[in-house]
Structure formats: C-alpha cells, structure tokens
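By convention in this document, chain letters (A, B, ...) are assigned in the order of the sequence lines, proteins followed by strands, and residues within each chain are numbered from 1. Since we're looking at a predicted model, the values are computed, not measured. Atoms considered below: every heavy atom in the structure, side chains included; atoms not considered: hydrogens, waters and symmetry mates.
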Protein chains: 2
Amino acid sequence: MDNFEWGPALRVGQAKAHKTLTEETLARLRRDIVSGEFEAGQKVKSEDLKKRYQVGTSPIREALFQLVSEGLVRSDGQRGFRVAELRQEELLDITDWRARLECEALRRAIATGDMEWEARVVAAFHRLTRVEGESGLDPKDAADLWEDHHRSFHFALYSACGSPWLLRFCELLIQHGERYRRAYISYPRISSSITAEHKAIMDAAMAREGDRAADLLERHIRHAADLALAHATRRPALGTSLAKKRRVGGMESEQVLKSRAPAKR
Amino acid sequence: MDNFEWGPALRVGQAKAHKTLTEETLARLRRDIVSGEFEAGQKVKSEDLKKRYQVGTSPIREALFQLVSEGLVRSDGQRGFRVAELRQEELLDITDWRARLECEALRRAIATGDMEWEARVVAAFHRLTRVEGESGLDPKDAADLWEDHHRSFHFALYSACGSPWLLRFCELLIQHGERYRRAYISYPRISSSITAEHKAIMDAAMAREGDRAADLLERHIRHAADLALAHATRRPALGTSLAKKRRVGGMESEQVLKSRAPAKR
DNA sequence: AAGTGTCAAATTTTCGAAATTTACGCGAAC
DNA sequence: GTTCGCGTAAATTTCGAAAATTTGACACTT
C-alpha cells in the first residue's frame, strides 16, 4: 500500500471520488478513448468536448495534455488535438512489452506479496466473475464495467511487485492494449475460456508458482492480442494506414465498423 | 525516422521551435525541475510560476499536468502541485530499469540500426565531447548544456531500437535518473572517466558488438547511480526519509541541508 | 489548369477575473 | 494547555471572452 502513489488512472470500485473537474474529465475522456467512443485519428475539438462533458475550456485542455503524455492523444502544434492512431505494428510492440513487463511484475509479486496482496487478488477475481454474470445492462455499459474489473484484476496481480516504475509501465501498456482490443473486436465477448485463463493465473499465483503463473500470463496476453489481430486483418479499416476512413460499402463493415454512437442518453 | 512520434521532451539541437506557450513552458519547467532549480517536495504555486515564466494560468497548469503524468510533479487534490519527492529507494528502482531497458534498447539498435543511426550516434558523441570543453559559461548553464547533450547521446544510441514504447520508457527513466543525479551531486563534474565510458560504449555499438556494448552501458548506468548514492548518503538531507538503504558504505551524517537556493532569475 | 494572394470564418491558445476550496489565526470553551 | 469554531485571507480551480493562428474559399494572375 505504499506503491500506489501513481495514477488514480486505473482504480475502480471505491475509487476516490474525483475531486476536481479536471480529474473527473480526465477519467471520462480516457475511458471514452479507450473504449472506442472516439475513433482513432479523429480530431477532438475542444468545443465539442466542452458540450459533451459540460465543463469549461481549462479542464478539457488540462485533461487532454495528460492524455498526450500517456500517448492516447496527440497534440499537433497549434492545430489542436487528435486521438492517437492505431497501428498493427504498435499492437505488436505493446504486446511484447506487456508480456515482458507484466510477467516480470507478476513474478516479483509472487515472490514478495503478502497476505494483503493475496486478498486483493482474490477479491478482484471475485468481482470480475461476478460482473461477468451481470445482466440487464446496455451492452456498452456492460463492456465498460467488465473492462474496469478486468484491468483491476490484472493490476491487483502486479500490485505487490515492489517497483513503482514497473507498475506505471504496466498501467500504461494495459490501457493501450485495451484500446486496441476494443477497437479491433467490436464487442469483447467474455468467453469462458478467458475466465478460465484468469482463474488459472490466479491459482498459480496463489500457489506461489512464479514460473507457471508467468507462463500462463504470457499466453493470456498473447492470446488476447492474437484474437484482436485476427479481427483486425479481417476488417482492415480501423484507423490506421488507410488514408481516408472511408466507410467501405460492404456488408461486413456495416455492422462492425462504426460500432457505437457517442453517448446515447 | 518513424519512431520519433513521441516526446519532444528530450530533443536538443535542431529541436523544433516550441510553438505554443504551453509547450515552451513545459520544456522550461521540466528543465528547471530536473536540474534541481526547484527542490524536491517543494510546493509550486501557480502564482510564482506565472511570474517566473511570464505567462498566464493556462500554460502553467497545462504544463504541470503533463509533468504529473511524467511523474515529476504531483497534484494533491485541490491543494495544488508539488515537485515529486526523491527517495533513495526510487533511485534504485530507476537504475534497475534503466539498466534493463536501455541495454535492451541498445542491443536492438545495434542489431537493426542503419547508417543513419550510426551517423546520429557519432554526431551526438562529437557534440557531447565538444561541449565538455566549453568554457566561459556560468557553471549552471554549462551543466545544463552538458546534460542536454548527454541525454541526446544516450537517446541517439537507442533511437534505432524499433520500439516506440521502449524508447518512451527510456526517455522517462533517463529524465528521472538525471534528476536524482543532479540533486545528489550538486555539480556533476565531467570526469574524463565518464567520457571514456561513453566512447567505449559508442565504439562497441559501432562495431556492432551488442553484448559488449550492453555490458559497458550497464556499468555506466550503475556507476552513475552509485556515485549519486555515495553523495546522497554523505549528506542525507535530500528529499525524504533516508530509510535504510545500504548499498554504499560511507560516513553518514554531516548535515548539509538544503543544497541550493530556489530560482534566482 | 495551376499557382498566388487576400480575406473571412473557424479553431485554438491565452489571459484575467469570478467562484470554490483550503489554510490560518484568534478567541472561547472545556 | 488543548481543542473546537468561526471568519478572514490565500490559493486553487474554473469559466468565458479576447487574442492569435490556421483553414478554406474565392478571385486573380500566369
């Protein structure tokens, strides 16, 4: 509990109530970018954001600048902001480093984690499985909820790694990884195999079997990325190198592209 | 040439002229924090910064928020900003990751770097050695100048690693490492042994001997950190609780609180 | 056609002041 | 002597509008 100095970014559950408008806006904006509410490469006009989040110029810009530093947003000279593009290349990079760093973090946590860490992991896993059964929610909300808890579960696993910097790097990579996954796979179906993977990782961690846990985790990470890549190549339109985000008139693109409209309320 | 999407942070030389006030303020503020112009843990009042940098509220706050994300500044709820503290523990963490990640980056660059990369490295080294001979400057300015080129040299070495994320992580770590070094060693004397280390690393890299280069680089990084730690324990005032970090024996005590005065225009 | 220059609209950046919130001092009560 | 309240001062956050910059269109020339 002394290694959490950083990033209110990924906290969920009894998250500290966001106190300033900037913090709140940051969290919302980040969520909306990661969840694909904004398209990759899209220009974000502060005027739009002001209307969307009902705040003034300052909180918007302050939040945007933090996201620039996190790599989710890019700021072009005096020409405003854009959502970061998606490139398959980058997904590979992210996946490699996730595998490297998260496995290392998990090993360290397993080596040194105490009972409190175990409790955090078990609790996070429990919440994750609970949330998977949740019904009666708008699909988008359900996805958001699941992703929140998914992130929390992973983060809990690493939370006892003892290295704030490692934790921070994992935090960034997880976030970006999630964005790729959600962009490429319009809806993350919560297959039971994923759940099984999580359980296996947790079991290995609780049994303090570092090698096995790391191995399972690496598979888990690569599996997710492979799945995303498979979808990506199937419908190559997303964001990247295709200059114009021209909606190709095919039937397949109809349903998958342009997955969701901005915040229906 | 395609891996530099991130961070105007560490560019030097023909850096793109900072266009917005926010960017310029960010660069200046970062430099002043890293160089120790602001003390660790010190509260930074936006009013003071406005006067110091002669800009309005927005650029100040926008810059501060980016630094929060980089870990150089912390934002306490609605209670303003503080310069991040220094902890010997964290220096160890940073050093470990620098050794790991920078060596990896160097290996990759050596494996795949092209002639342009070689040219960048050689040029950066040349500038660094040139700057070391520079005389007739205010010591602080000389230090700033040297550090700029030192950073550039390291960054050039890794620039061909092919992984934007790795590069970004190195960028962050180098920055923080520099802050620790400069905080602990009030004035970095440019010993000829440091220069020799740089030359050895460069030679190994140009000879495409990855193992040797990585080994030298790791020594270089750890050497710098050890030096800093030695100074740190000699005058324990800096930052926070000295905790119980051993690492380097030496006489403690000898209170030389307060290494340098803030600001000074 | 292609290039150029100008002007207006749109957008971003920046400022300064209002609105909130926190910090501090001082007296009263226990 | 300490703790609690309360009111004022100081600082931070937030807003909205002014200033500066970019974008796009249109006419004009080559």
Side-chain angles (χ1 to χ4, degrees), chain A residues 7-9 15-30 32-33 38-39 41-70 72-85 243-245 262, chain B residues 7-9 15-30 32-33 38-39 41-70 72-85 262-263:
Chain A
K16 78 164 185 189
H18 294 294
K19 301 194 61 172
T20 72
L21 264 191
T22 296
E23 283 177 80
E24 200 174 328
T25 305
L26 171 63
R28 294 219 268 162
L29 193 47
R30 178 162 40 211
D32 287 346
I33 289 175
F38 295 98
E39 233 167 303
Q42 170 187 351
K43 191 164 198 316
V44 285
K45 295 206 258 273
S46 44
E47 203 50 49
D48 296 346
L49 297 181
K50 276 163 66 172
K51 271 192 303 192
R52 177 185 248 253
Y53 299 114
Q54 297 292 320
V55 295
T57 332
S58 310
I60 294 288
R61 286 178 60 85
E62 287 162 11
L64 280 171
F65 275 111
Q66 278 193 75
L67 294 176
V68 166
S69 186
E70 290 177 22
L72 286 171
V73 168
R74 301 170 51 135
S75 120
D76 315 337
Q78 325 224 42
R79 288 197 252 17
F81 299 88
R82 296 186 162 278
V83 177
E85 302 81 4
K244 293 305 188 167
K245 62 275 218 55
Chain B
K16 77 164 184 190
H18 294 294
K19 301 197 60 172
T20 72
L21 265 191
T22 297
E23 282 176 81
E24 199 174 329
T25 305
L26 171 62
R28 295 219 269 164
L29 193 47
R30 179 163 39 213
D32 287 347
I33 289 175
F38 294 98
E39 234 166 305
Q42 170 187 354
K43 192 164 197 314
V44 284
K45 294 205 260 276
S46 44
E47 203 50 49
D48 296 345
L49 297 182
K50 275 163 65 172
K51 272 193 302 193
R52 177 186 248 255
Y53 298 114
Q54 297 292 322
V55 295
T57 332
S58 310
I60 294 289
R61 287 178 60 86
E62 287 162 9
L64 281 171
F65 275 111
Q66 277 192 77
L67 294 176
V68 166
S69 186
E70 289 178 21
L72 286 171
V73 167
R74 303 167 56 128
S75 124
D76 315 338
Q78 323 227 39
R79 284 193 237 59
F81 299 88
R82 295 184 163 280
V83 177
E85 302 81 3

How long is the line joining CD of A/Glu47 and P of D/dG16, in whole Å?
11 Å

Side chain to side chain donor-acceptor pair (under 3.5 Å) partner of B/Glu62, the single match among B/Thr22, B/Thr20, B/Thr57
B/Thr22

When you check the phosphate oxygens OP1 and OP2 of D/dG16, does a side-chain N or O of A/Lys50 lie under 4.0 Å from one of them?
no

Would you say A/Lys19 reaches C/dT22's phosphate, i.e. side-chain N/O to OP1/OP2 under 4.0 Å?
yes

Nucleotide nearest B/Leu21 (side chain, heavy atoms from C-beta), chosen from C/dT14, D/dT12, C/dT13
C/dT14

Test your reading of the model: is there a side-chain donor-acceptor pair from A/Arg74 to the backbone of A/Ala84, 3.5 Å cut-off?
no

Side-chain donor or acceptor of B/Thr57 under 3.5 Å from a matching atom on the base of C/dC15?
no

Here's a test for you: under side chain to side chain contact (heavy atoms under 4.5 Å, CB included), which of B/Ile60, B/Val55, B/Leu26 qualifies with B/Leu21?
B/Val55

With sugar-phosphate meaning primed atoms plus P, OP1 and OP2, does B/Lys43 contact a base, only sugar-phosphate, or nothing at under 4.0 Å between heavy atoms?
sugar-phosphate

Just compare C/dT14, D/dT13, D/dT21 and give me whichever is closest to any side-chain atom of A/Gln78.
D/dT21

In whole Å, what is the span from the CD1 atom of A/Ile60 to the P atom of C/dT14?
17 Å

At less than 4.0 Å, is any side-chain N or O atom of B/Arg79 found next to OP1 or OP2 of C/dA23? Yes or no.
yes

Spacing between B/Glu24 atom CD and D/dT21 atom P, to the nearest angstrom
13 Å

Can you tell me if the side-chain N/O atoms of B/Thr22 get under 4.0 Å from OP1 or OP2 in C/dT14?
yes

Can you tell me how far P of C/dT12 sits from CD of B/Glu62, to the nearest Å?
13 Å

From CD (A/Gln78) to CD (B/Glu23), nearest 0.5 Å
8.0 Å

Taking the minimum atom-to-atom distance to the side chain of A/Thr20, which one of D/dT13, C/dC15, D/dT12 wins?
D/dT13

Whole-Å gap separating P (C/dT12) and CZ (A/Phe81):
9 Å

What is the distance from CZ of A/Arg61 to P of C/dT14, rounded to the nearest Å?
7 Å

Check the pair B/Val73, B/Leu29 against side-chain contact (heavy atoms from CB on, under 4.5 Å), reporting the backbone distance first and the verdict last.
CA-CA 10 Å; B/Val73 167; B/Leu29 193 47; 5.9 Å; no

If you only use heavy atoms from C-beta on, which nucleotide in C/dT14, D/dC15, C/dC15 is closest to the side chain of A/Val55?
D/dC15

Atom-pair distance (CZ on A/Phe65; C1' on C/dT13), nearest Å
9 Å

With a 4.0 Å limit, can you tell me whether A/Ser46 has a side-chain N or O closer than that to the phosphate oxygens OP1/OP2 of C/dT12?
yes

Whole-Å distance between D/dT13 P and B/Leu64 CG?
9 Å

